[in-house]
Undergrad: 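Dropping a structure here in structure tokens format, bear with me for questions.
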Amino acid sequence: MTVNTTHGTHHESATTQINGSARYIDDLPEIQGTLHAAPILSPVAHGQVLRLNTEQALTSVGVHAIISSADIVGDTKFASFSHDEYIFADTQVNHVGHVMGLVIADRHKHARMAASLVQPSIQSFAAVLDVRQAYAQQHWVLPPVHVQRGNADQAIATATHVLQGSLDVGGQEHFYLEGQIAYAIPQDDGQWLIHSSTQHPGEVQHWVAHALGVPLHAVRVVCRRMGGGFGGKETQAGHLAVWAAIAAHKLKRPVKMRLDRDDDFMITGKRHPFSYDYTVGFDDTGRILGLHVVQLADCGHSADLSGPVADRAVFHTDNAYFLEHIRIDSYRCKTHKQSHTAFRGFGGPQGMIVTEVLLGDIARHLRLDPLAVRERNFYGTTERNTTHYGTTITDNIVHALVKQLANDCSYSQRRSEIATWNQAQTTLKRGIALTPVKFGISFTATQFNQAGALVHVYTDGSVLVNHGGTEMGQGLHTKVARIVAHTLGINTDRILVGASDTEKIPNASATAASSGTDLNGRAAEFAARQVRDNLAQFVAQLDACQPNEVRFDNGHIHTPSQVHSFEKIVSQAYSQRVQLWSDGFYRTPKIHYDKTTLSGTPFYYFAYGAACTEVAIDTLTGEHKVLRVDILHDVGNSIHPSIDIGQIEGGFIQGMGWLTTEELVWDKQGVLRTHAPSTYKIPTVGDIPAHFSVQLWHEANREDNVMGSKAVGEPPFMLALSVFEALRDAVAHARNEQQTTVQLNAPATPERVLQAIHT
Ligand code: MTE
Ligand code: HPA
Ligand code: MOS
């Protein structure tokens with residue numbers, strides 16, 4: 001056996017992922033008799049299904065069956081929160097790519113071949129494909145929400161300056177490297193084992209049980225790891241699991257369903273595209289006096305998570321700014337597209353972008369430095385520190401953090417150098433922007449803020465940890481292992497974190513809202529503390545001291561008189577019948593708010609950060625390059641600095657892709673034309689800026705959170721707003737001096753940049 005020297009410093013799967021032995025669901029050995037499912041996709045955006053016409057598909061090679069609504073024994077709708085989506089769209093279709101049924105065959109390829117032979121007869125209806133059209137027709141998936149504080153209309157009417165504008169911001173495909181997949185395996189006596197690439201095994205269990213008409217305890221869902229989720233597997237992994245389970249139930253065989261990449265694009269929802277209209281009133285210094293924002297969320301055809309996503313956009317419209325008089329009208333528009341879903345930031349990016357854009361324009365309008373205008377609008381620390389939803393912010397560090405970053409990256413000096421450089425250039429223009437992030441940590445669905453864990457210490461001193469979270473590459477298992485190791489005073493190489501399994505931890509929340517470590521890490525810490533307390537009690541008796549005099553450190557247990565090895569004490573304690581395993585449970589304290597008015601304290605604390613980005617644009621082609629990025633980000637006390645820095649880098653680059661190259665194009669028939677890597681461009685290694693510096697803020701979380709840390713998964717995504725603002729700065733430099741505001745929609749493709757320069 002070789003010694004694994006990477007343990008403790010690297011991601012728990014680093015070695016197996018690099019040598020190719022880390023298992024994903026499609027790598028599991030297939031059980032004999034396994035069949036494969038392929039989806040039958042709607043070719044039209046909206047219509048009534050007259051006939052599926054499956055004759056040809058049924059005689060195709062290897063085909064066993066076609067599965068439709070008639071094969072569902074339980075409810076024909078998914079058990080989603082809004083309960084508004086049919087499992088198979090074999091009566092009415094609501095988007096191109098809507099799954100009408102399944103072809104089941106002996107092989108994946110045969111299933112796909114046969115699915116392409118189904119030629120349904122569908123009577124087409126008019127489709128709503130544009131969010132502004134949906135708004136005009138009051139075509140909602142959920143009712144509108146209005147939030148206001150003060151009197152925005154009056155503050156705007158009496159302000160010295162007023163700007164009005166509109167903004168359209170595109171969606172984003174998750175592009176997880178491992179596509180959606182589920183494997184449903186019938187067990188004894190009507191029980192089920194489901195392998196699902198899901199961020200939420202408990203929800204998959206619930207959906208499958210509901211569709212099969214069995215109690216939750218008859219369905220076990222397991223996920224060892226995902227090849228990325230990014231929010232795309234928070235609910236929508238459930239669809240595949242339900243489809244595979246229905247087929248497996250009907251055919252009494254194991255069924256695996258793995259989506260081809262193009263099908264994954266056509267079927268699954270994306271980040272919500274948003275459109276905005278805003279009016280802002282401000283004074284001569286750029287301080288915002290009144291703001292009215294209309295937010296149109298393009299939700300696609302069903303509610304899915306659109307309610308909480310649009311709510312989070314409302315909650316984050318302030319970003320780090322005190323907006324005394326504000327009105328937000330949030331519309332959850334229904335369009336005949338894929339059902340848009342969670343995506344890193346969960347509406348936060350869509351809430352913040354409009355405010356960052358209008359702040360940039362206010363600065364240009366007044367010919368002030370955009371950073372000075374931003375700082376002038378920051379929340380105060382003792383006054384002007386209440387959000388528009390009524391939370392008093394007690395952990396504001398944005399002033400000091402932004403100041404430190406601006407100093408470290410020579411913001412002011414570079415800003416004037418760039419202005420001088422731009423004057424001498426005709427074709428290329430540079431831009432710079434420094435933008436902050438303040439992101440609320442907790443699920444806005446308050447009941448999700450709970451978690452459980454199990455810590456088992458075996459008689460050899462090795463430790464197995466199970467918790468309700470899932471591993472999607474973000475390093476949750478590695479961090480939880482560190483927390484348990486720290487609590488027991490042992491090395492992480494003694495700790496194994498098991499697969500997520502509904503038989504181990506019941507009723508677990510989604511691993512989402514960046515709170516995986518906060519919730520599961522704390523639950524595991526509590527479980528480990530219980531075991532440690534049991535051992536301390538035992539050792540105190542042995543050495544005739546008090547339990548609180550026992551220390552656990554570096555694989556040893558210290559008392560005032562002795563030093564013992566951890567495993568020796570464990571084995572002795574076992575023989576004296578001491579319990580060596582425990583559960584742990586954690587619920588986030590202090591959070592409560594009114595869901596109808598969106599007022600109260602939805603978040604336990606805020607994570608902060610700031611980024612300064614410099615770009616260059618080519619005014620002849622509209623192309624750009626991100627030249628330099630400096631980030632200062634707040635993770636509290638870092639549980640694992642290299643994982644945290646990886647999350648910050650990855651989040652930033654993913655945000656940059658959203659705002660620059662990743663464009664979703666639906667044609668007039670509602671067909672998503674950018675449904676493969678050939679036409680949908682995520683950032684590549686060549687897009688990473690030559691200078692890319694990430695520093696961590698030095699302070700612990702001021703709230704009592706696991707090991708003093710802060711959540712890191714999503715907040716850095718929004719640091720990429722600095723890329724968009726830097727591009728708008730460069731565009732302003734390229735335009736006529738008299739035109740101050742910049743009309744640029746996202747993503748800032750070369751075409752849009754050119755348009756912004758020339759109109
Ligand atoms: N990092 C990787 N490598 N892969 C992912 O899928 N998902 C992000 C973020 N970082 C993701 C990721 C999202 S959307 C969330 S909510 C968090 O990780 C979830 O994990 P955490 O709560 O453990 O941070
Ligand atoms: N973030 C992610 N997922 C969620 C949330 C949230 O705030 N609320 C409900 N599901
Ligand atoms: Mo993340 S969007 O909360 O899965």
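By convention here, the first residue in the shown sequence is residue 1. First listed ligand is number 1; within each ligand, the first listed atom is number 1. Please read all numbers here as calculations on a predicted model, not as lab measurements.
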Undergrad: Angle between ring planes, Phe692 versus Phe652, binned at 30° and 60°: parallel, tilted or perpendicular?
TA: tilted

Undergrad: What atoms in ligand 2 come closer than 4.0 Å to a heavy atom of Ala513?
TA: 1 (N), 2 (C), 6 (C)

Undergrad: Which residue supplies the protein heavy atom nearest to atom 10 (N) of ligand 2, what is that atom called, and how far is it?
TA: Glu234 OE2, 3.1 Å

Undergrad: Which residue in the set Asp263, Asp27, Asp264, Asp26 passes salt bridge (charged side-chain N to carboxylate O under 4.0 Å, His left out) when paired with Arg258?
TA: Asp26

Undergrad: May I ask you to identify the nearest protein heavy atom to atom 7 (O) of ligand 2, giving residue, atom name and distance to one decimal place in Å?
TA: Arg312 NH2, 3.0 Å

Undergrad: So which heavy atom in the protein is nearest atom 8 (N) of ligand 2, and how far is it from that ligand atom?
TA: Thr444 OG1, 3.3 Å

Undergrad: Would you give me the side-chain donor-acceptor pairs under 3.5 Å for residues 503-512, sequence neighbours excluded?
TA:
{"unit_1": "Ser509", "atom_1": "OG", "unit_2": "Phe448", "atom_2": "O", "d": "2.7"}
{"unit_1": "Thr511", "atom_1": "OG1", "unit_2": "Thr470", "atom_2": "N", "d": "2.7"}
{"unit_1": "Thr511", "atom_1": "OG1", "unit_2": "Thr470", "atom_2": "OG1", "d": "3.0"}

Undergrad: For ligand 1, which of its N or O atoms have a protein N or O partner closer than 3.5 Å, and how long is each gap?
TA:
{"unit_1": "ligand 1", "atom_1": "1 (N)", "unit_2": "Gln647", "atom_2": "NE2", "d": "3.1"}
{"unit_1": "ligand 1", "atom_1": "4 (N)", "unit_2": "Met472", "atom_2": "O", "d": "3.0"}
{"unit_1": "ligand 1", "atom_1": "6 (O)", "unit_2": "Gly229", "atom_2": "N", "d": "2.7"}
{"unit_1": "ligand 1", "atom_1": "6 (O)", "unit_2": "Phe230", "atom_2": "N", "d": "2.9"}
{"unit_1": "ligand 1", "atom_1": "10 (N)", "unit_2": "Arg344", "atom_2": "NH2", "d": "3.2"}
{"unit_1": "ligand 1", "atom_1": "10 (N)", "unit_2": "Gln647", "atom_2": "OE1", "d": "2.7"}
{"unit_1": "ligand 1", "atom_1": "20 (O)", "unit_2": "Gln474", "atom_2": "NE2", "d": "3.1"}
{"unit_1": "ligand 1", "atom_1": "22 (O)", "unit_2": "Ser514", "atom_2": "O", "d": "3.4"}
{"unit_1": "ligand 1", "atom_1": "22 (O)", "unit_2": "Ser515", "atom_2": "N", "d": "3.2"}
{"unit_1": "ligand 1", "atom_1": "22 (O)", "unit_2": "Gly516", "atom_2": "N", "d": "2.7"}
{"unit_1": "ligand 1", "atom_1": "23 (O)", "unit_2": "Gln474", "atom_2": "NE2", "d": "3.0"}

Undergrad: For Phe81, I'd like to know if atom CZ has over 12 heavy atoms of other residues, nucleotides or ligands within 6.0 Å.
TA: no

Undergrad: Numbering the atoms of ligand 2 from 1, which are under 4.0 Å from a heavy atom of Ala445?
TA: 8 (N), 9 (C)

Undergrad: Which residues pass the ring-ring contact (aromatic ring centres under 6.0 Å, His included) test with His316, not counting sequence neighbours?
TA: Phe439, Phe603

Undergrad: Please assess Thr674 against Leu672 for the test side chain to side chain contact (heavy atoms under 4.5 Å, CB included), listing each intermediate value before the final yes or no.
TA: CA-CA 6 Å; Thr674 50; Leu672 176 63; 3.6 Å; yes

Undergrad: Other residues, nucleotides and ligands only: do more than 12 of their heavy atoms fall within 6.0 Å of CZ on Arg587?
TA: no

Undergrad: Tell me, with the steps shown, if Glu234 and Thr341 meet side chain to side chain contact (heavy atoms under 4.5 Å, CB included).
TA: CA-CA 8 Å; Glu234 183 170 336; Thr341 193; 5.5 Å; no

Undergrad: What does the N/O contact table under 3.5 Å look like for ligand 3?
TA:
{"unit_1": "ligand 3", "atom_1": "3 (O)", "unit_2": "Ala513", "atom_2": "N", "d": "2.7"}
{"unit_1": "ligand 3", "atom_1": "3 (O)", "unit_2": "Glu714", "atom_2": "OE2", "d": "3.2"}
{"unit_1": "ligand 3", "atom_1": "4 (O)", "unit_2": "Gln199", "atom_2": "NE2", "d": "2.8"}
{"unit_1": "ligand 3", "atom_1": "4 (O)", "unit_2": "Gly231", "atom_2": "N", "d": "3.4"}

Undergrad: So which bit of Phe346 gets within less than 4.0 Å of ligand 2, heavy atoms only: side chain, backbone, both or neither?
TA: side chain

Undergrad: After noting the C-alpha distance and the side-chain angles of His477 and Arg225, does the key distance pass the side chain to side chain contact (heavy atoms under 4.5 Å, CB included) rule?
TA: CA-CA 10 Å; His477 287 356; Arg225 60 169 66 80; over 6 Å; no

Undergrad: Take Asp318 and Lys438 through the test salt bridge (charged side-chain N to carboxylate O under 4.0 Å, His left out) and record every step on the way to the result.
TA: CA-CA 9 Å; Asp318 61 342; Lys438 169 184 126 289; 3.1 Å; yes

Undergrad: Testing Glu173, His675, Gln172, Glu662 one by one against Tyr680 for a side chain to side chain donor-acceptor pair (under 3.5 Å), which residue passes?
TA: Glu662

